[in-house]
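In the text below, chain A, chain B and the rest are named by the order of the sequence lines, each starting its count at 1. Quantities reported herein were computed from a predicted structural model and do not represent experimental measurements.
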Amino acid sequence: MELKLYNTLTRTKEAFAPIDPSRVRMYVCGPTVYDFAHIGNARPVIVFDVLFRLLRQIYGADHVTYVRNITDVDDKINDRAARDFPDLPFNEAIRRVTESTAAQFHADVAAVGCVPPNVEPRATEHIGEMRQIIEMLVKGGFAYVAEDHVLFSPQAMDAANGPLPRYGALANRSLDEMIAGARVDVAPYKREATDFVLWKPSKEGEPGWASPCGIAVAGRPGWHIECSAMSWKHLGETFDIHGGGIDLVFPHHENEIAQSTCAFGHGVMANVFMHNGFLQVEGQKMSKSLGNFVTIHQLLENYPGDVLRLTMLKTHYRQPIDWRQSELSRSQAELKEWADIITDNALETIFENPDLQQVDNEFIAALADDLNTVKAITRLRTLAAESSFENLETAKKFVGCLSLLGFKNLTKPNYFSDAIASFIPPDKEEVFTKCYMLMRTYRNYCANNFMEDSKRISADILKHGIQVSLGYTGEILVSFPDYDIGAEKDKVEALISARIAARKAKNWAESDRIRDELVAMSIQIQDGTDPVTGELVTSWEVKR
RNA sequence: GGCCUCGUGGCGGAGUGGCUACGCAGAGGACUGCAAAUCCUUGUAUUCCGGUUCGAUUCCGGACGAGGCCUCCA
């Protein structure tokens, strides 16, 4: 199986050839933990999770190392700590912010089906490596100390002879352009406007560490250096794949390449750079000022994580994606159909323990073509249509593909149905309607494994006199104290029997009258014939 | 201003130098006493203007439009 990946360095799709197939190495820029992750943050996490799964499929689960960092030193974190915990010592406040935000991030991305990376390094645990690289850069003449800062000089990099890449090669821009386009506010200690910060002094009360290069005052790292340090520590001086959002191309990845190649004297930091496209919300750029800033957590109140995952993968990762409510509903409906195939054919065990040796080749080939998840999903639809009890081998392949794509809750079809099947006492209609959204949220919290939240919300619903729980297929079960559901069921069964009798007598008027009565009770009926006896049979369910 | 990406039917969204996937919605049909469910069939598109070519949606140039980066925002 040939894997082809689009490489931002060459702007072409290339055959992927790992440096060491027994140890394929990928680094992805992870979140800065200062706030709930938004849906845009979820895109690279999901995209590179799919790539991670595919690499493990191709090279073997033990032969892929995936590193995704957590940035826990940043001005935005400091600001948030000062705002949220003004009474705590500053470093304690920062710790609260980063720990709670990181825990939230982990819960959110687990809910959208992402497996944890092999290593999840934190910037604060790699200050030593950062200092080492900075020392190397100064020693090599690529960086200099000025007013307690250490600055990297792209000009020095380009002046050096040897294997180093040209600064700006990744982003495809020249230093001259950058100087011409440089914005105001060039710090006085910079020799050139394009120099960027490797290390800066900490102000009083800010987090700080012993500085490199003989700088006396405590300091903290610039943004880009952490990824050079952490990828070096965990993947080596050069590795295979470096990923992130397209906005990271410049300056973040460009500067990482500059730091790493100059420090280690190689021509490359990573052989392949991959970038996912941006996300818009309902046709507009997502921004706090427009009020359309959507966090993963908010979406997970309204949908099981699989719905977000499928919606994300229905657009190729390099294309811009427009995040729309309507598309989420479609994804949910499609997942319901897929989950029904699994339960109708009793494939739950296969779904949870698929034989990935037997997975569909056409499906893998689609993914191997630069992660063409859209084509892969098209293949899934074909497999779904061909899956049946008579064609169990295809059905098994189908569920194997679903597993490989990272769906997790497909053994419970009713996670993807918004119908609440329950008899409602007439005097409870109003409060039921009022609690409908809460009950869905409860279901979604359960599906997403947010157990604390689900307990909290079921307690809220109980205050309205409604007991909510989940059934075996993920359906929302509602019960009311002092209400005899058994009697209600008997009444329905009696009506169904009466209708069957009426139908046998071809008394259509009476038959239709009974159906109308059942509809008024929110009972949906479905006529059929018993395949063995040929008897008229009628199934029914509560539907609202 | 510089650099980059993109522009496909009612909607979403792929591939492809010649016949343009797939999903949703729509239409028609089958099955039903009627419903419901299910199944089958099906219409409609490649922003515009040039160029290359026997032939372009696909390659090249231009226009228009959308978006991104140049501001430690994925």
Side-chain angles (χ1 to χ4, degrees), chain A residues 8 11 28-32 35 37-48 71 73-77 168 171-174 176-185 194 196-197 200 221-227 243-255 275-280 283-288 293 310-311 313-322 324 326-331 333-334 337 366 369 372-382 384-385 502-503 506-509 511-512 515-516 518-519 523-529 536 538-541 543:
Chain A
T8 306
R11 288 170 208 279
V28 171
C29 292
T32 301
D35 201 354
H38 58 69
I39 187 59
N41 298 115
R43 195 172 190 193
V45 178
I46 293 173
V47 163
F48 291 105
T71 297
V73 49
D74 181 274
D75 288 345
K76 289 194 294 296
I77 296 173
N172 190 29
R173 58 183 81 184
S174 72
D176 290 343
E177 284 166 10
M178 282 181 254
I179 294 164
R183 299 290 169 109
V184 289
D185 228 22
T194 47
F196 63 89
V197 171
K200 53 193 168 186
W223 177 37
H224 316 296
I225 192 68
E226 63 175 78
C227 289
I246 195 161
D247 58 318
L248 294 183
V249 172
F250 193 90
H252 188 53
H253 287 169
E254 191 71 58
N255 289 352
H275 298 97
N276 62 271
F278 243 58
L279 177 145
Q280 289 191 302
Q284 287 189 300
K285 183 180 165 127
M286 180 164 58
S287 73
K288 285 182 176 166
F293 198 87
L310 177 59
T311 304
L313 297 180
K314 284 206 294 198
T315 300
H316 184 82
Y317 77 93
R318 283 191 279 117
Q319 292 286 98
I321 185 170
D322 190 5
R324 308 190 99 102
S326 58
E327 209 47 44
L328 288 163
S329 301
R330 289 176 189 183
S331 299
E334 189 154 30
E337 289 178 24
D369 180 13
N372 194 333
T373 50
V374 184
K375 211 196 247 176
I377 288 165
T378 298
R379 178 61 184 162
L380 276 180
R381 287 169 180 154
T382 305
R503 287 180 67 211
K506 297 197 189 298
N507 184 350
W508 308 126
S511 163
D512 290 349
R515 187 174 59 210
D516 290 345
L518 287 164
V519 167
I523 306 298
Q524 173 72 58
I525 58 173
Q526 205 169 308
D527 290 335
T529 48
L536 285 177
T538 297
S539 62
W540 62 276
E541 59 181 347
K543 201 153 201 170

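Relative to the side chain of A:Gln526, the nucleotides B:C70, B:A74, B:A37 differ in distance, and B:A37 lies closest. Comparing B:A74, B:A14, B:C69 by their closest approach to the side chain of A:His316 singles out B:A14. For A:Asp527, taking side-chain heavy atoms from C-beta onward, the closest of the listed nucleotides B:G67, B:A74, B:A35 is B:A35. Side-chain proximity of A:Ser511 to B:C72, B:G33, B:C34: nearest is B:G33. Distance from the side chain of A:Trp223 is smallest for B:C72 among the nucleotides B:G2, B:C72, B:A74.
Under the Watson-Crick or G-U wobble criterion, with both distances below 3.5 Å, B:C24 is paired with B:G10.
Nucleotide B:G12 holds its C1' atom 15 Å from the CG atom of A:Leu313, rounded to whole Å. As rounded to whole Å, 18 Å separates atom P of B:G13 from atom CG of A:Leu380. Distance, A:Phe293 CZ to B:A74 P: 9 Å, rounded to whole Å.
Panel note: side chain A:Glu254, backbone A:Gly168; a donor-acceptor pair is recorded below 3.5 Å. Judged by distance alone, the side chain of A:Ser331 and the main-chain N or O of A:Glu327 form a donor-acceptor pair under 3.5 Å. In this structure, A:Asn41 contributes its side chain and A:His38 its backbone to a donor-acceptor pair below 3.5 Å.
Using a 4.0 Å cut-off, some side-chain N or O of A:Asn172 falls inside it from OP1 or OP2 of B:C4.
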Q) Taking protein heavy atoms under 4.0 Å as touching, what does nucleotides 21-28 of chain B look like 5' to 3' if B marks base contact, S marks sugar-phosphate-only contact and - marks none? A) BBBB----
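For B:C72, its base never sits under 3.5 Å from the side chain of A:Asn255 at any donor and acceptor pair. A donor-acceptor contact under 3.5 angstrom links the side-chain atoms of A:Asp512 to the base of B:G33. No donor-acceptor contact under 3.5 Å links the side chain of A:Thr315 to the base of B:G12.
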